Amino acid sequence: MDLRESPELGAFRKEVRQWVLANLPKQAPDPRGHRGLEEDEYITNWFKTLAKKNWLAFRWPQENGGAGFNEPQQLVFVDELMRCGAQVPRGFGISMVGPLIFQYGTDWQKERFLPPIAAHEEIWCQGYSEPNSGSDLASLQTRAELDGDHFIVNGQKTWTSRADAASWIFALVRTSTEGKKQEGISFLLIDMSTPGVSIKPIRQIDGNQGFFETFFDDVKVPVKNMVGEMNKGWTMAKALLGHERVMTGANVDLGRLIGKFKSLARQYERQGHPVLEDAGYRDRLTQMEMDTDCLLYTRYRMNTAVMKGQAPGPESSIFKVFQAELCQRLYDLGMDTLGPDSAAWYDARLSEEAYDIPMGMTITRAMSIYSGSNEIQRNIIAKRVLNLPD
Ligand SMILES: Cc1cc2nc3c(=O)[nH]c(=O)nc-3n(C[C@H](O)[C@H](O)[C@H](O)COP(=O)(O)OP(=O)(O)OC[C@H]3O[C@@H](n4cnc5c(N)ncnc54)[C@H](O)[C@@H]3O)c2cc1C
């Protein structure tokens with residue numbers, strides 16, 4: 001990748017920075033002592049502001065109602081949002097089902113579903129995992145039987161993130177039991193308010209309820225809500241997972257995190273000295289700074305492939321494994337920086353810089369599980385990069 005910036009791209013960078021600084025809602029809520037709801041409101045406000053500028057769907061082509069940025073512009077856009085401390089747009093609608101619909105959807109589906117996603121008016125959730133189907137997703141059992149111009153859906157999904165906030169769910173369902181298990185799957189768009197859809201919260205270790213079980217009990221879904229052909233949903237499932245990895249890979253600002261830990265390591269003391277003066281601590285920090293640079297260049301390699309019109313190859317698996325493990329190591333360092341304060345949980349007595357480190361530590365554990373666990377990614381690397389036998 002050529003890292004030099006053209007004058008046009010430089011002008012675009014300036015435009016984005018100026019606009020974000022002028023329009024980012026100023027009053028970020030003081031998150032101490034809160035459990036995320038206010039933050040949701042803040043993020044909703046920010047996403048709607050971006051949507052008015054038509055920059056929320058920043059990876060979508062203009063003909064589909066997106067910003068129409070080219071790949072270098074997308075990179076610059078993400079860089080500038082992070083630099084300004086603004087949330088990069090992401091979500092099941094904007095980053096996952098939207099791109100799938102404009103790639104494979106019918107004209108009706110594009111017209112019906114894309115505008116409310118780009119305007120942040122309809123929120124989506126993902127119905128892939130089931131109680132006995134996670135890594136082995138193709139073994140899923142939720143059934144959809146054809147009945148005239150409708151499917152009748154019965155079954156259960158699990159780990160449905162933010163199902164409480166979503167008005168739509170995209171779900172993989174079994175429409176045939178013949179042939180290979182991948183061959184009998186279809187991809188449906190289901191209105192969460194349809195009779196027979198219900199959700200049940202799964203309480204997390206941090207007390208939050210971000211996950212849900214989702215039940216389908218004789219749910220009527222119009223056939224026109226199927227994306228792609230019947231029994232060819234596995235192709236959709238894989239394409240969507242590609243979009244999911246781009247989403248999860250693009251917006252973790254590790255440089256900012258390292259800067260924050262350095263600042264905290266100057267404030268926190270051990271045996272009368274700032275933590276930052278400890279040689280072992282500095283050693284770990286320096287290694288992680290170097291690893292962060294390596295990760296950035298792997299991201300550029302991934303983006304270069306996309307810019308050349310190729311699908312991101314196995315480097316997206318390398319990126320996923322390395323990013324998840326680096327984030328986990330970083331938050332372990334953050335916990336060590338805080339010492340006994342790391343046992344505090346959403347504690348209003350902690351500084352604004354420190355308060356979210358214990359929460360970040362638990363959240364980053366999930367990074368090696370979702371979007372294909374790190375073990376599954378290592379299987380892909382073993383097969384496609386190292387050519388090892390099964
Ligand atoms: C934060 C978070 C959000 C999520 N949100 C959603 C969502 O919104 N919608 C949704 O559908 N799902 C969601 N999931 C579920 C996620 O996709 C699954 O957890 C994931 O696919 C793993 O499946 P599993 O939990 O059933 O674990 P399993 O597949 O049972 O795996 C258990 C362990 O065995 C290992 N393993 C399994 N197979 C192999 C193999 N072949 N080789 C080596 N090791 C293997 C795994 O790596 C793992 O360590 C979310 C998960 C998390 C953590």
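This is a predicted model, so every value here is computed, not measured. Counting convention: from 1, in listed order, for ligands and their atoms alike.
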Closer than 4.0 angstrom, basic N to acidic O: yes or no for [X] and [Y]?
X      : Y      : answer
Arg284 : Asp332 : no
Arg143 : Glu145 : yes
Lys157 : Glu213 : no
Lys220 : Asp147 : no
Glu325 : Lys320 : no
Arg378 : Glu375 : no
Asp356 : Lys260 : yes

Roughly how far, to the nearest 0.5 Å, is the [atom2] atom of [Y] from the [atom1] atom of [X]?
X      : Y      : atom1 : atom2 : result
Thr364 : Met359 : OG1   : CE    : 10.5 Å
Gln328 : Ile363 : CD    : CD1   : 12.5 Å
Arg17  : Phe12  : CZ    : CZ    : 12.5 Å
Glu111 : Thr106 : CD    : OG1   : 9.0 Å

Are any of the N or O atoms of [X] closer than 3.5 Å to those of ligand 1?
X      : result
Thr160 : no
Asp136 : no
Tyr370 : no

Protein heavy atom under 4.0 Å of atom 46 (C) of ligand 1:
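Yes, at least one protein heavy atom sits under 4.0 Å from atom 46 (C) of ligand 1.
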
Within-cutoff protein neighbour (heavy atom, under 4.0 Å) for atom 33 (C) of ligand 1
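Under the 4.0 Å cut-off, atom 33 (C) of ligand 1 has no protein heavy-atom neighbours at all.
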
Contact partition for Asn374 relative to ligand 1, non-hydrogen atoms under 4.0 Å
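Near ligand 1, Asn374 shows nothing, with every heavy atom at 4.0 Å or more.
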
With heavy atoms only and a cut-off of under 4.0 Å, state how Leu137 meets ligand 1: side chain, backbone, both or neither.
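The answer is neither.
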
Identify which of [options] has a heavy atom lying nearest to [atom].
atom                    : options                        : answer
atom 50 (C) of ligand 1 : Trp159, Phe92, Phe170          : Trp159
atom 4 (C) of ligand 1  : Ser368, Ser161, Ser371         : Ser161
atom 15 (C) of ligand 1 : Cys125, Ser139, Ser129, Ala382 : Ser129
atom 28 (P) of ligand 1 : Ser135, Ser133, Pro131, Ala163 : Ser135

So if I count the atoms of ligand 1 from 1 in the order they appear, which ones are less than 4.0 Å from some heavy atom of [X]?
X      : answer
Tyr128 : 11 (O)
Ala366 : 1 (C), 53 (C)
Ser373 : 46 (C), 47 (O)
Ile376 : 38 (N), 39 (C), 40 (C), 41 (N)
Asn379 : 40 (C), 41 (N), 42 (N), 43 (C)

Among protein heavy atoms, which sits nearest to [atom], and what does the distance come to when rounded to 0.1 Å?
atom                    : result
atom 21 (O) of ligand 1 : Gly134 C, 3.7 Å
atom 9 (N) of ligand 1  : Gln126 O, 2.8 Å
atom 49 (O) of ligand 1 : Glu375 OE1, 3.5 Å
atom 20 (C) of ligand 1 : Ile369 O, 3.8 Å

Heavy atoms only: give me the nearest Tyr104-Ala239 pair and the separation to one decimal.
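So the two residues come closest at CE1-CB, 3.9 Å.
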
